[in-house]
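Notes follow once the structure below has been shown.
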Number of protein chains: 2
Amino acid sequence: MSPGHIETPVRPPAPCPPDCDGFARELLSRVGDKWSLLIIGHLSNGPLRFSELRRKIEISQRMLTLTLRSLEKDGLITRTQFPTIPPRVDYELTPLGRTLLEPVMGLVLWANRHSGEVEHARARFARTGTQD
Amino acid sequence: MSPGHIETPVRPPAPCPPDCDGFARELLSRVGDKWSLLIIGHLSNGPLRFSELRRKIEISQRMLTLTLRSLEKDGLITRTQFPTIPPRVDYELTPLGRTLLEPVMGLVLWANRHSGEVEHARARFARTGTQD
DNA sequence: CAGCATCCCCGTTGATACTG
DNA sequence: CAGTATCAACGGGGATGCTG
C-alpha cells in the first residue's frame, strides 16, 4: 500500500503449490495407480509380450489390457502386433516413456532408502498416537 | 548355447522390476492418491494450519483429516496442537517428509515438461487408435 | 494368444450433521 | 476452529465366459 514499497511477490520460493494441481497430479495418479508403475518397470529392460507381462506380474488380463491401453494412449508405450498364428503383441517403452523412468526411479530409490523410517514411524504412531 | 559364448546376463541394467513391487509401489500410491501430494506441496513452504490447508485446497474436512492422519502416521508430517480457544493445529513437514520433496519434484517437473507431449499423444490416439 | 464384455464386490470419497 | 460419525454414491478391480 505505502508508496515506495515494492509489492513483495506473493509466493516467494514456492516450488510446488501451484504446480501440483493440474497435470502433475494426474501423472502421479497414473504411476501411483495399482499397475502402471509395475508395467513401466518391467518394460524398462526391453519389449515384452502380453503373456510375458502377465506371467511376471500378478495381474488379471483385464487390468493388464486396460492399463496397457491407457499407457499407450498417453504415448508412454507402443503396441506392436504381429500377424502370426497364434497372435503375438509386443509392448515397449517409447522414448517419452523412457524419460519418465528417471524421475520415477528417484521415487523408487527414496522408497527403498526410507522404508525403514516409515515403518518405524508407523509403529511409533501405533503405540503413542504421535511421533515426537 | 555354443561354447565360447558368454551367456548374456538376463537382466542387464534392471533398475526397477524387482524394486517396484513392494514398498515403492505403496509409496507411489501414497503420493499418487488424490490429496497427499497436494498437501505435501503446500506444506513445502512452511507449516500451515488446518483451516489454511482447507482454504488453499479444494478438499472436504473429512478427506483433509484422513489424509493428514496417514501422512502423520507415516512420519512425513507433524501435528502440533495449541491449547487455545479457539483451537489451533499446525501441520509441518518432518525432515523425512522434506527429503521426499526432492524426488516428488522430479516427477512434478517431468509432468510440467512433458504434459504437451502426452496431450498430443492422446489426441493422436483418439484419431488413429495408435501413435506411430 | 490376446483381449473384449458382463457381473459384482467393496474400498474410497463426498455430503451432511454433530461435538469439544 | 478442528475435528468425529454416519450414510450414500462412485468406481476400481477381480472372476468368468466368449471371440478373432
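Any value given below was found using the heavy atoms of this structure, including those in side chains, with hydrogens, waters and symmetry copies removed. Note that the structure is predicted; figures quoted are calculated from it, not measured. Here is how names work: the chains are called A, B, and so on, in the same order as the sequence lines, proteins then strands, and each is numbered from 1.
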Completion exercise
side-chain hydrogen bond (donor to acceptor under 3.5 Å, both in side chains) filter on B:Q81, not counting sequence neighbours, yields B:R79

Problem - Ionic contact status for B:K34 with A:E26, cut-off 4.0 Å - result: no

Exercise for the section: Could you pull out all residues at least two apart from B:R88 that satisfy side-chain hydrogen bond (donor to acceptor under 3.5 Å, both in side chains)? Expected result: B:D90

Exercise for the section: With sequence neighbours left out, write down each residue that passes salt bridge (Lys or Arg N to Asp or Glu O under 4.0 Å) with B:R30, or none if nothing qualifies. Expected result: B:D74

Fill in the blank from the handout: Its 5'-most and 3'-most nucleotides having an atom under 4.0 Å from a non-hydrogen atom of chain B, DNA chain D is contacted over D:dC1 to D:dT6

Problem - Any residue meeting side-chain hydrogen bond (donor to acceptor under 3.5 Å, both in side chains) with A:S29, in chain and number order, not counting sequence neighbours - result: none

Exercise for the section: Could you list the residues that satisfy ring-ring contact (aromatic ring centres under 6.0 Å, His included) with B:W110, not counting sequence neighbours? Expected result: B:H114

Exercise for the section: Quick one: which residue pairs count as a ring-ring contact (aromatic ring centres under 6.0 Å, His included) with a foot in residues 48-96 of chain A, not counting sequence neighbours? Expected result: none

Exercise for the section: Select base, sugar-phosphate, or nothing to describe what A:Y91 touches, counting heavy atoms under 4.0 Å on all strands. Expected result: sugar-phosphate

Fill in the blank from the handout: B/S/- along nucleotides 4-20 of chain C (protein heavy atoms under 4.0 Å) is S-B------BBBB---B

Exercise for the section: Check every strand shown and say whether B:R54 touches a base, only sugar-phosphate, or nothing at a heavy-atom separation below 4.0 Å. Expected result: nothing

Handout entry: Contacts of B:E52 that satisfy side-chain hydrogen bond (donor to acceptor under 3.5 Å, both in side chains) - sequence neighbours left out
Key = none

